[in-house]
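Take a look at the structure set out below.
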Amino acid sequence: MPLRFYNSLSHQVEPFEPLTPGRASLYTCGPTVYNYAHIGNFRAYMFEDLLRRTLKFCGYDVKQVMNLTDVDDKTIRNSIQAGKPLRDYTQLYKDAFFEDLQALRIEKAEVYPAATDHVPEMIALIQTLMEKGIAYVGDDNSVYFSIARFPAYGQLARINRDEMRSGVRIKNDEYAKESAADFALWKAWDEGDGDVKWDSPWGPGRPGWHIECSAMAMKYLGPSFDLHTGGIDNLFPHHEDEIAQSEAATGQKFVKYWLHCAHLMVEGQKMSKSLGNFHTLREVFAKGYSGREVRWVLMATHYRQSLDFSFQSCLNARTALQRVDGLVARIRNEILPLSSADKAGVKIRLDEALAEFAAGLEDDLNISAALAALFNLVRDVNRMLDAGELAGPPADQVLAALRRMDSVLGTLDIDKAADGVPADIQALAEERQAVRKAKNFARADEIRKELTAKGWTVEDTPAGPRCKRLA
RNA sequence: GGCGGGGUAGCCAAGUGGUAAGGCAGAGGUCUGCAAAACCUCUAUUCGUCGGUUCGAAUCCGAUCCCCGCCUCCA
């Protein structure tokens, strides 16, 4: 089966057929850098990482662009409050964002354009819309997109303008618009913006939010590209408006496949800054959970399924990962050359597991199916090890298969050196092994207690004692 | 009100017509000096509820209850 995705535009799963065979162009809506991102935000970036890695797994050359929104109401407001220039203020959170991505083992995109570096491109795009008569200058000197002059508006969100709830919210600036649903392309400067402003044909001001993604996506990926993603909350109005701006300007199809991930929930409610029910990655780490554990939690539920976050799920991730770690350690430590190894049989089993793994991912990133393939393989390889049916070279093939899976999962640590065992711990383990051989089990148990007190445990394996740090 | 997503074991979660994957937790067993790990067995006659279609439905149709999201900045 070919790679296929659920397209928000068609509400159907469709085969992925990129505009250029073998290449995938991907625009992923990035963070607004006014604060630390919370793990709900990272769920989206995690989904995008899974998408990116799956595309690569399936053989595509991926070009991914992720924007950094470094000018908007919140960045301006917070930087003024902090008494810092906008650029310095946002740099802080840009840096934090990249640190967090790295902690979650999220692969870097090819381009991370910042909005403030692309104002000329945005002005040019707005000018095109003005020339086409689709944009207009409002009474407040801001520039607005006229939805009435773009009949295709609403194609993504399936929103019928006539049925939009109206009259409920009339903000001040809406008196400046022809229609309440029109959205700002360019926001005229006012005192609240401090010294944050750019010159434009319509006077000083700053770009609207939606225009940034259109301008930067088209700059780096062209007027028409393959995939555009984000959280489901961006579907409307953000993505709808992006389509409107871009397609009105170019007359071309903007994006072929729109993918949206569901929300991360906390106790049944969406995690969000405004509800105050969020955790930053840093907070989760402070509670003792690792990046790979959080990565696992965020990744292990299908992206279109809302995911209720809990620390219990982090603990579950820990034990699930320990299961895989255990197998890798067995292969590395216990493998002995045995004559009964069935090389061909192992190869067949591995090919089957990889095929199931790939089939899951190809089916709209069905991670549950992919992980089931992984765990079924783990069980079978453990079984082979127990039966003495796995020897050196086929064991290397197992590691190769796990490595291949990990090119997508990014969390298995196949080749990460095990935690170094401190000399004193190692010495105790060896002493214990010696007294066990002498059948001095009282002393052996004493040593086990000493090790526990030092935060270590020891497992007796056919290849000798193995020290493990207690979680 | 409009649009969209979801209700599957103690928990998480696949499965869109053919008789319920996988993970966590739990029980018993094998192995072990003890343990851990690993393996084996068991743990939903049942998929929110009620009807209908069908030889057959968690899967299709109708009705109904509940939860969540978007429609306002939001991943």
Side-chain angles (χ1 to χ4, degrees), chain A residues 8 11 13 28-32 34 37-48 69 72-74 77 154 157-166 168-169 171 174 181 209 229-238 240 260-265 268-275 278 296-297 300-308 310 312-313 315-327 329-330 334 356 360 363 366-376 378-387 436 439-442 444-445 448 457-462 465-466 468:
Chain A
S8 299
H11 292 236
V13 175
T28 50
C29 277
T32 300
Y34 71 103
H38 60 66
I39 55 175
N41 302 129
F42 284 110
R43 184 188 189 189
Y45 310 132
M46 195 51 243
F47 143 64
E48 286 149 3
T69 298
D72 80 322
D73 291 346
K74 282 176 286 205
R77 182 193 66 207
R158 302 205 167 173
I159 277 182
N160 182 333
R161 290 193 309 281
D162 301 333
E163 290 171 1
M164 282 174 73
R165 196 156 51 172
S166 58
V168 175
R169 51 191 170 81
K171 291 190 294 193
E174 287 179 347
W209 175 40
T229 68
I232 188 71
D233 49 3
N234 271 345
L235 190 142
F236 189 86
H238 185 52
E240 189 68 56
H260 294 94
C261 74
H263 290 303
L264 187 71
M265 316 291 282
Q269 282 197 308
K270 170 185 169 183
M271 180 178 288
S272 73
K273 296 251 167 90
S274 47
L275 288 173
F278 62 93
W296 185 274
V297 171
T301 293
H302 184 81
Y303 74 95
R304 283 192 288 115
Q305 179 86 34
S306 59
L307 162 60
D308 208 296
S310 69
Q312 184 58 46
S313 63
L315 288 173
N316 290 353
R318 177 172 297 170
T319 43
L321 282 166
Q322 280 170 348
R323 187 164 160 74
V324 183
D325 290 346
L327 177 68
R330 284 192 80 181
E334 289 180 32
E356 285 172 12
D363 181 16
N366 186 337
I367 188 70
S368 298
L371 292 178
L374 167 66
F375 283 109
N376 284 329
V378 168
R379 185 197 57 229
D380 290 349
V381 173
N382 270 317
R383 201 183 274 165
M384 285 186 253
L385 284 162
D386 286 349
R436 281 183 71 227
K439 303 230 186 276
N440 181 357
F441 297 121
D445 290 344
R448 180 187 288 288
T457 185
V458 60
E459 294 174 5
D460 300 317
T461 75
R466 184 161 91 223
K468 279 170 70 173

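Lettering follows sequence order; numbering is per chain, from 1.
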Stacking between B:G33 and A:Phe441, yes or no? Criterion: centroid separation under 5.5 angstrom, plane angle under 30 degrees. yes
Base partner of B:U16, which must satisfy Watson-Crick or wobble distances under 3.5 Å: none
Of A:Arg43 and A:Leu307, the one whose closest RNA chain B nucleotide lies more 5': A:Leu307
Counting heavy atoms from C-beta on, name the nucleotide in B:C24, B:C70, B:C40 closest to the side chain of A:Arg383. B:C40
On RNA chain B, check which nucleotide each of A:Ala44 and A:His11 is closest to and give me the residue with the more 5' one. A:His11
When you get a sec, tell me which of B:A21, B:A25, B:A38 is the closest nucleotide to the side chain of A:Arg330? B:A38
As a test of reading the structure: which of B:G22, B:C70, B:C34 is closest to the side chain of A:Phe375, going by heavy atoms? B:G22
If we ignore angles and hydrogens, is there a donor and acceptor under 3.5 Å between the side chains of A:Arg379 and A:Asn376? yes
With respect to the phosphate group of B:G22, does any side-chain polar atom (N or O) of A:Arg323 fall under 4.0 Å of OP1 or OP2? no
Counting side-chain heavy atoms from CB outward, which of B:G15, B:C39, B:G22 is closest to A:Asn366? B:G15
Pick the C1' atom in B:C70 and in B:A58, then give their distance to the nearest Å. 28 Å
Pair A:Leu307, A:His302 - check side-chain contact (heavy atoms from CB on, under 4.5 Å), show working. CA-CA 8 Å; A:Leu307 162 60; A:His302 184 81; over 6 Å; no
Mate of B:C60 across any strand shown (Watson-Crick or G-U wobble, both atom pairs under 3.5 Å) is B:G52
